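So the structure is just underneath, and the comments pick up after that.
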Amino acid sequence: MENLAQKVLQFIVPDSSQWDYWTHTQNLAPVSQAPCIQSFVNYISSHKKEKIFVGGDYDCDGILATTIMVHGLRRLGIEVGYYIPDRIREGYGLHPETVQMAHAKGYTTIITVDNGVKAIDALEKAKSYGMTTIVTDHHEIEEEVPCDILVHPTHMEPIFSTLCGAAVAFECIRALGVVTTYDLELAAIASIGDIMIVKGQTRAIIQQGLQLLNAKAEYHISPLARDRQLNEVNVGFQIVPKLNAVGRLSNLGNVNTVVRYFLCSDRSQLFSFQQQINQLNERRKDLSMQMVKHAKDKCALQEDVLLVSDASYHEGIIGLVAGNLCNAYHKPAIVMTKNQEGYKASMRSPEGFNCMTFLKDFPSYSTFGGHAQAAGFSLSPQDYTAFKKYIHDQIQTFTWEEPDLETLVVLPEELTLSAIQSLDQLRPFGPGFRCPSFELIQPTIESISPIQNGKHVRYVLINGLECMNFNQTEEEKQKSVNQIYSFVGQVQINQFRGKRKPSFIIEKINYIG
């Protein structure tokens with residue numbers, strides 16, 4: 001093992017007796033023998049002549065979960081239909097209206113993927129029609145789920161505890177004995193996209209799926225990426241956002257088209273699908289850039305919680321804008337837009353600040369959900385002023401602390417091409433096994449090049465290492481290069497015109513004084 005890889009492993013896992021697990025590719029665990037999986041297999045095996053409806057979700061995980069479930073059931077000769085709701089018009093999850101539609105079309109069984117544990121009204125509606133309901137989901141179960149079969153990681157063996165929605169669907173199809181390598185590749189992408197803990201079966205799915213993708217370019221997946229060799233980083237930056245973009249911009253494209261794309265075997269049609277996905281992603285990037293610029297101009301930076309509201313903001317993009325503001329100013333940020341029903345909002349916060357705890361005591365949300373660093377909610381128009389006051393009052397007494405960032409100090413000379421490549425032996429990194437941020441202390445800078453009128457900056461060190469600072473802050477623009485104490489960031493291999501060289505991506509610059 002190269003010295004850099006060993007340093008990283010020792011940093012993450014000090015106990016060397018565990019290193020063997022993290023340095024070897026894991027085999028998939030045997031098919032789950034959990035009662036919920038067995039019930040699923042028994043039901044499907046004895047109801048192959050019935051029409052089955054699959055209800056999905058509009059993010060990367062939900063799209064690929066829908067694809068895997070439909071793909072597998074159709075291989076058994078079952079008549080299967082599917083539907084993913086419109087993010088803006090219908091919102092998340094299985095709805096009673098969708099159940100009514102499915103029943104009217106002769107479907108007798110509903111299977112949810114990557115959703116369902118909160119769809120109480122829709123499941124009760126299905127029950128009233130005499131339909132069989134199977135919920136496959138991985139989200140937290142907060143109340144009893146009124147369904148016939150519930151397939152959930154908490155009801156399976158411990159090795160499956162970290163599964164995303166698509167990986168749960170993958171295990172269902174695997175138990176039916178009709179799984180393909182394509183299903184595994186899709187489950188790997190979804191596991192990366194949903195930022196799952198990279199342990200247990202999830203680690204094996206990502207490792208095995210990426211190995212397959214890199215051994216032979218898959219004709220649905222590879223055209224969505226710029227790089228030929230894929231790992232969890234470029235999948236997360238190049239493929240996942242494109243799939244999420246279609247769901248976000250549901251007024252411009254139908255997310256069900258993406259499922260059709262992944263199910264399509266006619267290569268002559270695929271190029272047209274790919275163009276649509278790429279165009280929507282470019283539109284998403286343009287909209288994000290415009291909205292971020294507008295929000296930065298509009299928000300009151302002196303406030304401890306940034307709150308920006310504008311009726312022109314696209315509902316599917318407000319979460320991205322909130323995340324950008326949070327990262328740029330290291331403050332919790334709430335971005336809102338207004339529609340006919342009222343206000344839709346997204347909140348993002350730095351590590352250490354719990355959105356749900358901060359927001360939970362406001363009494364008048366129309367909808368409310370999320371987790372520690374990201375929340376979404378809606379308000380009636382008449383509650384907006386009260387909410388603004390709540391935010392202002394709440395932050396006066398709300399205590400939080402951003403945890404200290406532990407860094408791994410390295411020398412520029414250690415960041416060679418082979419040293420960075422050696423980190424591949426430890427992949428995938430992610431929750432539960434995060435690659436540390438590297439720190440270059442008192443870097444000797446040979447040259448500085450502003451890019452895009454100073455939006456980005458390239459620092460070249462004396463040993464030739466390029467350090468890129470993307471989207472530098474206003475504070476950084478005011479600082480002198482002589483005040484730089486250290487660069488904190490991640491390492492990667494940059495490929496340009498066939499040449500590969502080490503690169504350092506700056507996350508933070510520490511200054512003297």
Side-chain angles (χ1 to χ4, degrees), residues 58-64 84 86-88 189-190 192-195 220-227 230 232-255 257-258 261-262 271-299 306 308 310-329 333 335-337 344-348 374 376 450-458 468-473 490 492 494-496 503 505-507:
Y58 43 65
D59 68 356
C60 170
D61 188 19
I63 291 166
L64 298 182
I84 295 174
D86 182 300
R87 180 186 188 123
I88 296 172
I189 291 168
I192 293 166
D194 232 38
I195 318 176
H220 297 85
I221 300 166
S222 293
L224 299 178
R226 289 191 307 273
D227 298 336
L230 297 175
E232 78 283 359
V233 176
N234 49 23
V235 166
F237 279 106
Q238 295 174 24
I239 297 177
V240 172
K242 290 182 179 179
L243 305 187
N244 284 333
V246 186
R248 288 184 184 281
L249 302 182
S250 58
N251 60 320
L252 302 176
N254 187 334
V255 70
T257 303
V258 188
Y261 167 71
F262 282 112
F271 182 68
S272 171
F273 279 128
Q274 286 156 12
Q275 281 186 310
Q276 291 176 51
I277 292 169
N278 285 326
Q279 284 166 4
L280 275 172
N281 188 52
E282 289 304 312
R283 181 71 179 128
R284 186 266 308 170
K285 287 196 277 191
D286 290 343
L287 269 175
S288 297
M289 208 182 319
Q290 293 165 20
M291 283 169 58
V292 164
K293 185 179 184 308
H294 187 273
K296 282 182 174 178
D297 291 341
K298 193 171 181 178
C299 69
L306 304 177
V308 188
D310 197 285
S312 72
Y313 289 170
H314 193 290
E315 190 179 309
I317 307 290
I318 54 176
L320 299 178
V321 178
N324 190 292
L325 294 180
C326 174
N327 292 335
Y329 302 114
V335 178
M336 309 177 84
T337 188
K344 285 284 183 80
S346 272
M347 182 174 188
R348 298 293 184 270
I451 300 169
Q452 288 187 23
N453 296 319
K455 182 181 180 182
H456 317 303
V457 180
R458 179 193 292 115
M468 293 296 303
N469 186 23
F470 292 105
N471 300 308
Q472 68 166 336
T473 65
Q490 293 292 338
Q492 68 177 38
N494 189 23
Q495 190 157 332
F496 184 66
S503 181
I505 308 302
I506 297 171
E507 297 170 336

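Worth saying up front: this structure is predicted, and the values here are computed from it rather than measured.
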Side chains of [X] and [Y] in contact at under 4.5 Å (non-hydrogen atoms):
X    : Y    : answer
V235 : I221 : no
H220 : Y261 : yes
L287 : L249 : yes
V335 : S346 : no
M468 : N494 : no
I63  : V246 : no
V321 : Y313 : no
V308 : M336 : no

Inter-residue atom distance [X].[atom1] - [Y].[atom2], 0.5 Å rounding:
X    : Y    : atom1 : atom2 : result
N234 : I239 : CG    : CD1   : 7.5 Å
K296 : N324 : NZ    : CG    : 4.5 Å
H314 : T337 : NE2   : OG1   : 9.0 Å
K242 : E282 : NZ    : CD    : 8.0 Å
Q276 : N278 : CD    : CG    : 10.5 Å
Q290 : H294 : CD    : NE2   : 10.5 Å

Would you name the heavy atoms of [X] and [Y] that are closest together and state the gap between them?
X    : Y    : result
C60  : A190 : SG-CA, 4.2 Å
T257 : F273 : CG2-CE2, 3.4 Å
S288 : I317 : OG-CG2, 3.4 Å
K298 : D310 : NZ-OD2, 2.9 Å
N281 : R284 : OD1-NH2, 2.7 Å
R348 : G319 : NH2-CA, 3.5 Å

Might you work through the side-chain contact (heavy atoms from CB on, under 4.5 Å) test for R87 and V255, ending with a clear yes or no? CA-CA 9 Å; R87 180 186 188 123; V255 70; over 6 Å; no
List the steps, then state whether side-chain contact (heavy atoms from CB on, under 4.5 Å) holds for H456 with N469. CA-CA 6 Å; H456 317 303; N469 186 23; over 6 Å; no
Taking atom CD1 of I195 as the centre, report whether more than 12 heavy atoms of other residues, nucleotides or ligands fall under 6.0 Å from it.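 For I195, atom CD1 is not crowded (no more than 12 foreign heavy atoms under 6.0 Å).
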Backbone N/O of G454 and side chain of Q472: donor-acceptor pair under 3.5 Å: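 Indeed, once roles are kept as given, a pair shorter than 3.5 Å links the two residues.
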From CA spacing to verdict: side-chain contact (heavy atoms from CB on, under 4.5 Å), D227, Q495: CA-CA 9 Å; D227 298 336; Q495 190 157 332; 5.9 Å; no
